[in-house]
Amino acid sequence: MARAQQAPAAAPAATDAARPAPKRQLQATRISTPPKLDGLLDEAVWQSAPIATNFYELEPTPGPIETHPTEVRVLYDDAAIYVGAIMHDVSQDSILRELSNRDNIGNSDWFGVFFDTYKDHLNGYEFIVSSGGVQLDARQSPTNGEDGSWNAVWDSRTALRGNDWIAEIRIPYSAIRFSKATEQVWGLNFGRQRRSSRQKFFWNEVKPQVDGFVNQWGELTGLRDLKPPLRLSLTPYVSAYVNHYPYNEQGKQNTTTTFNGGADVKWGINESFTLDATLVPDFGQVQSDNQVLNLSPFEVQYNENRGFFTEGTELFNKGGLFYSRRVGAQPLGFGNVGGQLRTGTTGRDGKRQGGEFIVQNPGITRLLNATKVSGRTSKGLGVGIFNAVSNDVYATVQDSTTGQRRDILTQPLSNYNIVVLDQSLKNNSYVSLINTNVTRAGSTYDANVTGGLFRFATKANTYALDGRVMYSRRRGNAFGTTDEIDDQNGYKYYLAFNKISGNFTWGLDHGIESHSYNPNDLGLLFANNNISQSLYANYNIYKPFWKVNKLSTYASASYSRLEQPNLYQDMGLYLGGNTTFTKNFLTTGINLDANPLTRDYFDPRRAPLGKYYVRKPATFGLNGFFSSDYRKKFAWDINYSTRHFAADGDRTGRSSYSLTLGPRYRVSNQLSFVYSIGYAIARNQIGYAGGLDSSLPYDNDFLTRFGGSDGDVLLGRRHVTTFTNTATGTYTFTNRMSFNIRLRHYVSNVHYRDFSRLHPDGLETPEPAYTRNRDNTFNAFNIDAVYSWWFAPGSQVSIVWKNAGASFFEANAATPLYFDNLSNTINTPHNNSVSIKVLYYLDYLALRPRRG
């Protein structure tokens with residue numbers, strides 16, 4: 001029987017644990033007749049193929065050879081590559097087999113194959129299957145690390161046989177990209193998890209002290225005459241929605257129905273590059289956002305749940321210039337519609353004529369299409385092109401007297417574009433060029449950002465130099481005005497030098513974001529106008545000692561100033577670590593930080609920065625977590641934090657606390673429940689209390705005395721109390737069919753104790769005469785129930801029920817009582833949506849006429 005190149009029965013003593021292990025080789029066997037995909041591996045072709053075995057342990061003890069062997073063989077033909085694996089074990093009881101959703105292994109054993117088809121040691125593919133047959137696929141890249149949002153169409157089968165379990169995998173060439181060279185060598189690794197002992201193994205040893213993952217894979221040889229196929233697939237969809245919202249208004253329907261249709265297209269332009277396009281996309285079934293009350297001067301960053309914008313985006317995420325939620329985001333003029341309404345008037349005859357009211361104001365921008373072209377040549381050049389077009393968006397308003405309606409433009413026709421060039425270099429290094437562009441119809445401003453970044457690592461992979469330079473350019477008028485935008489040109493640069501491998505690593509960096517740098521039309525930057533520098537040191541012990549499996553520790557310090565004017569902003573010291581205990585696999589971590597006096601120039605909402613700031617006295621914070629062993633039927637998580645501030649004159653007693661409890665119970669391999677309850681309170685917090693309104697008698701005198709909207713600022717001392725409850729239940733019928741329901745209730749209450757006036761240079765004076773009640777309460781409630789059935793590879797039926805309601809109460813209507821808020825939330829009108837969506841994967845290779 002042929003065998004692959006193997007290591008000795010015992011792991012050799014490592015002369016340098018920070019250097020990659022020698023690369024093993026496995027020869028693939030060409031076949032003429034594909035094996036039957038049944039999880040049995042009983043065909044003769046499997047028996048004659050070389051075997052990869054003697055895996056190295058990575059967790060919890062790096063280095064030893066596996067006690068219960070794994071045997072892997074690789075076959076290939078003109079259409080696909082086949083991987084067969086036998087995982088020996090003690091008994092069937094030791095093979096954990098929880099069923100879960102696709103891309104979620106759960107409490108289960110797994111086997112995986114990893115390919116670096118261009119052998120650049122940076123980018124790779126992962127195909128993983130659990131012992132219960134659940135598939136997980138991912139891409140590896142320097143930008144995203146392991147990106148599980150990437151999905152491919154491939155097939156697999158698993159089976160139990162005695163004390164072993166078997167995985168048989170078929171990966172069509174249409175799922176991966178590779179060169180058309182006559183003879184090829186790919187990067188290769190195999191992985192296995194024995195969940196019962198919480199061990200992970202890899203065929204080619206992966207050392208935790210070595211920076212990188214793909215660069216530690218072995219090699220797959222024997223690949224000859226591979227011909228990249230015509231990669232052409234169409235995934236059309238149809239969807240239907242029934243929406244109900246209790247408007248209970250004359251002329252408005254409470255229940256509406258919509259029908260949609262479109263398609264995703266994937267076309268392999270050549271062996272290296274693929275075009276992905278979504279035509280008339282429908283994202284109505286994505287999970288609801290976790291809405292929160294935002295008291296900060298910055299926007300809330302929400303997760304991206306739309307598949308097209310999460311899959312295969314490693315090139316577009318280079319440099320952090322792409323925040324995909326900008327595409328199809330809230331229209332620019334969404335919040336300005338109310339100011340354009342005609343108000344009611346009284347005629348000369350004394351009769352009152354009503355004004356206008358808003359009939360419809362869409363909160364999202366509908367996309368017409370979105371397209372991605374991406375790939376990497378055999379020379380290591382990655383190219384990515386992204387383009388999306390969104391339509392005009394209008395709000396509809398109606399005259400309350402005549403019933404006449406008119407439209408108000410809230411978002412012009414817009415084009416979003418990204419171009420990326422990324423050249424892989426030796427020693428896990430690269431250089432990249434990125435350009436993002438937003439072009440809008442009419443006089444509304446256009447935006448462009450160009451950036452270059454690099455990483456140069458030493459041959460021994462011990463040290464690395466990282467850097468980036470960005471330039472932002474914006475031209476045109478602010479939306480809905482004739483005023484030119486004032487941040488037309490800006491820049492950013494960043495430079496870091498790091499020791500990246502070994503038990504002890506360290507680094508230092510320096511960067512500047514100019515006061516006019518603005519990438520936010522297609523990216524996300526919370527605050528510019530910053531000069532920062534930091535240094536850190538990590539010390540990690542990867543092998544078990546005393547009563548723990550491993551130990552990770554860190555220490556760092558940071559210092560920042562405004563870029564213009566050059567003023568002190570903040571500094572901090574940070575210390576922490578985490579570990580997992582050997583016997584009970586309890587994982588815990590703790591983080592400490594200390595900050596001297598901080599100046600917050602952003603909270604006052606005054607431009608230009610520098611004149612006003614809110615003083616934050618010296619503070620000390622502690623946070624951490626505990627997480628129990630998820631192999632148990634009942635497991636739990638605890639997260640906690642506390643922060644205390646030094647006294648600052650008569651501002652005393654400022655502190656914050658939070659606690660989140662997360663119990664979870666696995667009833668069976670098919671049914672599980674997860675619950676999370678969080679409580680947070682911030683006491684005597686000092687911050688921006690909101691703008692002053694000249695139409696309100698409470699505010700008018702103060703607005704005049706403060707110097708108008710650009711003058712002094714109203715601050716408030718407040719208590720903020722927040723509860724978050726989330727409950728999730730999952731029933732998995734088979735490895736391709738599941739039902740999931742998620743409920744979330746969020747409530748945050750703000751109670752102001754008193755107010756003060758913020759003068760320039762951080763001076764505050766009390767304002768006892770200000771008596772307006774600015775208390776507020778925000779509630780959000782969501783239900784997302786999803787039935788999903790992958791009835792064929794790449795093809796799915798999903799039925800989704802979404803229930804959403806939110807309420808915002810101010811002044812006397814605000815209440816700090818939790819159950820009152822819960823009652824208000826339940827009784828507030830909710831939007832209910834029931835939808836069904838069917839998508840079907842059509843592959844040209846499967847549909848083309850067969851010869852003969």
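Classification of Arg231 and Glu271 as a salt-bridged pair fails, no side-chain N sitting under 4.0 Å from a carboxylate O. Ion pairing between Arg194 and Asp89 holds under the 4.0 Å rule for side-chain N and carboxylate O. Salt-bridge formation is not detected for the pair Arg157/Glu168: no Lys NZ or Arg NE/NH1/NH2 atom is positioned less than 4.0 Å from an Asp or Glu carboxylate oxygen. Ionic pairing of Asp78 and Arg30 is present here: one or more N-O contacts between side-chain nitrogen and carboxylate oxygen are shorter than 4.0 angstrom.
Looking only at side-chain heavy atoms (C-beta outward), Val153 and Pro172 stay at 4.5 Å or farther from each other. Annotation: side chain of Val45 is in contact with side chain of Leu75 (closest heavy-atom distance under 4.5 Å). Contact of the Phe201 side chain with the Tyr56 side chain is not registered, since no non-hydrogen atoms from C-beta on lie closer than 4.5 Å. Annotation: side chain of Tyr173 is not in contact with side chain of Pro228 (no heavy-atom distance under 4.5 Å). With contacts defined as side-chain heavy-atom distances shorter than 4.5 Å, the pair Asn104/Val134 does not qualify. Within the 4.5 Å cutoff, no side-chain heavy atoms of Leu188 are placed close to those of Glu219. Side-chain contact between Arg102 and Trp790 is present, with at least one heavy-atom pair separated by less than 4.5 Å. In this structure, Asn387 and Ile385 have side chains that are not in contact, with every pair of non-hydrogen atoms separated by 4.5 Å or more.
Between the side chains of Asn435 and Asn448, a donor-acceptor pair is found at a separation under 3.5 Å. Side-chain contact annotation: Thr587 with Thr580, donor-acceptor N/O pair under 3.5 Å present. Asn123 and Ser141 are not linked by any side-chain donor-acceptor pair at a separation below 3.5 angstrom, with hydrogens and angles left out of the test. Side-chain polar atoms of Asp116 and Tyr118 form no donor-acceptor pair below 3.5 angstrom. For Arg195 and Ser108, the side-chain atoms include no donor-acceptor pair closer than 3.5 Å. In this structure, a donor-acceptor pair under 3.5 Å is present between the side chains of Thr278 and Asp264. Judged purely by distance below 3.5 Å, without hydrogens or angles, the side chains of Trp150 and Asp137 never pair a donor atom with an acceptor atom. Side-chain contact of Asn428 with His121: a donor-acceptor pair under 3.5 Å is absent, judged by distance alone.
Under the 30°/60° scheme for interplanar angles, the aromatic rings of Phe114 and Trp110 are found to stand perpendicular.
In plain terms, the two heavy atoms of Asn540 and Thr553 that are nearest each other are OD1-N, 3.5 Å.
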Kindly indicate, with the supporting measurements, whether the criterion ring pair (Phe, Tyr, Trp, His ring centres under 6.0 Å) is fulfilled by Phe213 and Phe202.
CA-CA 11 Å; Phe213 178 46; Phe202 285 93; 5.6 Å; yes
Take Arg455 and Asp466, measure what salt bridge (Lys or Arg N to Asp or Glu O under 4.0 Å) needs, and give me the verdict at the end.
CA-CA 4 Å; Arg455 174 183 174 90; Asp466 294 87; 3.4 Å; yes
Under the salt bridge (Lys or Arg N to Asp or Glu O under 4.0 Å) rule, what do Arg376 and Asp422 come out as? Steps first, then yes or no, please.
CA-CA 9 Å; Arg376 191 172 294 274; Asp422 175 55; 2.9 Å; yes
Test Glu183 against Arg224 for salt bridge (Lys or Arg N to Asp or Glu O under 4.0 Å), laying out the working first.
CA-CA 5 Å; Glu183 186 169 353; Arg224 296 186 59 86; 2.7 Å; yes
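In this structure, Phe322 has its ring center closer than 6.0 angstrom to the ring center of Phe386. Here Tyr493 and His510 bring their ring centres to under 6.0 angstrom of each other. A centroid separation of 6.0 Å or more is found between the aromatic rings of Trp217 and Phe115.
Side chain of Glu314 to main chain of Asp147: no donor-acceptor pair is present (N/O by atom type, distance under 3.5 Å, no hydrogens or angles).
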